[in-house]
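Before any comments, here is the structure.
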Amino acid sequence: MESSRSPRTGRRHSLLRTAAVTLSLATTAALAGCASADTTTRSSSGQSAFKPAAQKEGSRITVWADSTRLPSVQAYQKSHPDVKMKIVTYDGGADGSTYLQSKVQLFDRTGSGWPDVVFGTPTDVTWASEATKPDARPFAAPLDEKLVPQSTLDEFAKGSLTPCEFDGHTYCMRNDIAQVLLWYNKSLMDKWGYKVPTTWEDYEALGKKVAKDHPGYLVGSVGDTNSHESYFWSGQCPAFSLVKPDTLRTDLRDPKCTRMAKLLDDLIGAKAIATQGFFSQGFAENSGGKVLMAYGPSWYGQYLFKAGFKTPAKQIAAAPPLAWKGESTTATGNVGGGVWMVSSHSANLKASTDLVTWLTTSDENQAGAPTYPAYTQAAKAWLANPANRNYFANDVSEPFEQAANEVWTGWSNTRFSDSTAWSSVVLPALTSGKSLTETLPAWQREIAGEAKSQGYKVVDQ
Amino acid sequence: MTLLETEPVAVSPVRRGTTPRRTGRGRAGYFFVAGYALLLLAFGVFPTGYAFYLALTNDRGQFTGLNQFVKVVQDYRFAPAFTHMLIYLVMWLVTLVVLVVLTAVVLRSRVRPGTSALFRFLYYIPGALAGVASVLVWLFMLDPDVSPVSWLLTAMGLKTFAAVLAPGNLPLILMLIAFWTGAGGWMVVMYGALNNIPDDVLEAARMDGAGPWRTAWHIQIPMIRQWIVYMTIMAFATGTQLFVEPQLLQTASLGRVSPTWSPNQLAYVYAFQQGDFNGAAAISVVLLAVGLLAAGLLVARSNLFKLDEK
């Protein structure tokens, strides 16, 4: 308080002036300083060979799993009582969740605390296979380096381990794939005499017919966090295409993107496709019973129609992915699908790898797993399990297996989630009445901006 | 911002007519002061210093001059984040100052003391809810599917939660949340400040023919001006720290709100997604500078520290 009294005011002003001068001098000095040093030093090149941490046989392993995968881990614990485990539930499966990444950043700073085994999204592998700072080791251990036999890795569905691969090594084992296919309400289709579309053109025509004959009924939605993966990934739109590990091609002016945008715009205009998400608040209650078709991942069956919309059994059926008329190859998207990673810091790699192998490949676990397994043999066991097929109106095995092998590999995993730009830029624009086609440039700008801020070189051709 | 929090000491009214007692300046005083000083050093001064250190170096500890600042300012998300914050701040500060002062004056002069106490209590309640809880209350209020005032939202043409959260509406929504949680407390403070105005001053004004509004405008508001400035500085400081509200809206809307809506969120993304603690520190330092600059301007313009002069 003393300094605020009037006799001192003059002195205070001169003090302020001195401080200002000092500050500006310091700023100049800082500017003139060795300002050539890099502001970031991402160490993507020159990864040295994997050196495991000191191993302690029989030591306790910490497992982080999302709540959906928790029962699997608990089942392993039950059947392997000699393995010492600490199981932690965390928000690992949510779209764009960066909890694991944030935590690992901190563990890398403090030098301890890493879990041994984690369940994550394919996006997690992109950062986990690189060091988060110069002297840190990448979080994920390369599983192909004497941890998991190559013969096991070869048995995963075609392309399903692509997101796990980096720099010639495999950093994760795929738990499940979320191949995109066409879901439809067979009871309604039969009742109205509609034929299940096999091409995008048929899908569009049917959508417009439904809008006219049965207003209010929907053939899809683009309003969810991951709808772009169902439509634009399936349409082979080069939105996220890594041409080199550090170069991202994003070109939404490509005809493969614009034709999908146009198709969706037409169906949105006809009110056959909703801009409100299937998973948004109130949708299930208000419109859940009015979904005639849904183009989406294999888990839509159990999680959207059965659990969300509560559609009675034997109504919902699955059909293979749609193709464009006149094109010989069918491609589809992949909406999520989890991965298991082993930490390179683990002091018990043996137990950790064993757990991950059991979780992803054993029929014992995967036959009863909630989602379609990536491991081919386990997928057969999964499809043989009545619990995974009884609900549906047709035999889903064939469309599931076909779609699993048709996932387009041109949509890459990047260090950032592909959902952010879609949900924070495109969805609000759609809500405000803009068309998808006119929002494509803004979407591309956001993707390019995100990519550049993450150190990618961006090309659009 | 810790520096600002010490300011109430500077403006607290001194008892007039009593000479400060200068006895007992022994060790006990230092002992009592030491606790706060230590905490201030550990959680205020040291982190600030460390932020400056991080902002001027890279992740190898090399000195990089102002390059981190150049880098974050050039980030394509920097300008939008600061623009969002600015729009929000202007809306919030204007609403806060006008409505809080008006309400306090009305409560002080136009409402019977008992009723006034009841109102002050009611206004204060939302402030007792922790930040996150208050946002959750608003998430319910703003979702037409569950909101008790959904008729109002529907009447405004907002039929879905997504429509409510259109990018243009966000500053208004965040302003509403901030006002609802923060304003009640300030009304109580302003009421207290108005109470400090001696009755004979108001009596004199009345005898000179000043009505309630003239009294408010020419006597009461000028006499609590320092408190208004103090409130503005504090509100500005908390406004620049905007984080929880847009972050929760982002989660609740399944990503429809940008994860880098406010500068603090951008800093968070820098630190915990890009692993760039240095860039995050640079953004924090910019925010600190903005806060200090605004506080300095307000202090200088309003002669805030001259309250104690006799």
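Below, chain A is the first sequence line, B the second, and so on; all start at residue 1. Keep in mind that this is a model prediction, so the values were computed, not measured.
- Top candidate by heavy-atom pairs under 4.5 Å with chain B, chosen from A/Glu285, A/Gln276, A/Gln281, is A/Gln281.
- Using a 4.5 Å cut-off on side-chain heavy atoms (C-beta onward), A/Leu106 and B/Phe272 make contact.
- Two residues are said to be in side-chain contact when any heavy atoms from C-beta on lie closer than 4.5 Å; B/Arg256 and A/Ser424 fail this criterion.
- We find the OG-CG distance between A/Ser280 and B/Leu254 to be 7.5 Å, quoted to the nearest 0.5 Å.
- Here the CD atom belonging to B/Gln74 is positioned 12.0 Å from the NZ atom belonging to A/Lys452, to the nearest 0.5 angstrom.
- Side-chain contact between B/Tyr76 and A/Glu446 is present, with at least one heavy-atom pair separated by less than 4.5 Å.
- Note that CZ of A/Arg109 is 7.5 Å distant from CG of B/Asp59, once rounded to the nearest 0.5 Å.
- Contact of B/Ala166 with chain A is not made at all, since no heavy-atom distance falls under 4.5 Å.
- For A/Asn286, the part lying near chain B is the side chain, with the backbone staying farther off; criterion is any non-hydrogen pair under 4.5 Å.
- If you measure heavy-atom distances from B/Val269 to chain A, you find no contacts under 4.5 Å at all.
- Residue B/Ser258 touches chain A through both its backbone and its side chain, counting heavy-atom pairs closer than 4.5 Å.
- If you take CG on A/Asp91 and OG1 on B/Thr251, they are separated by 9.0 Å, rounding to the nearest 0.5 Å.
- By the 4.5 Å heavy-atom criterion applied to side chains, A/Ser453 and B/Tyr270 are not counted as neighbours.
- Atom CD of B/Gln273 sits about 7.0 Å away from atom CD of A/Gln454, to the nearest 0.5 Å.
- Interface remark: B/Ala271 contributes backbone atoms only to the contact with chain A (heavy atom separation under 4.5 Å).
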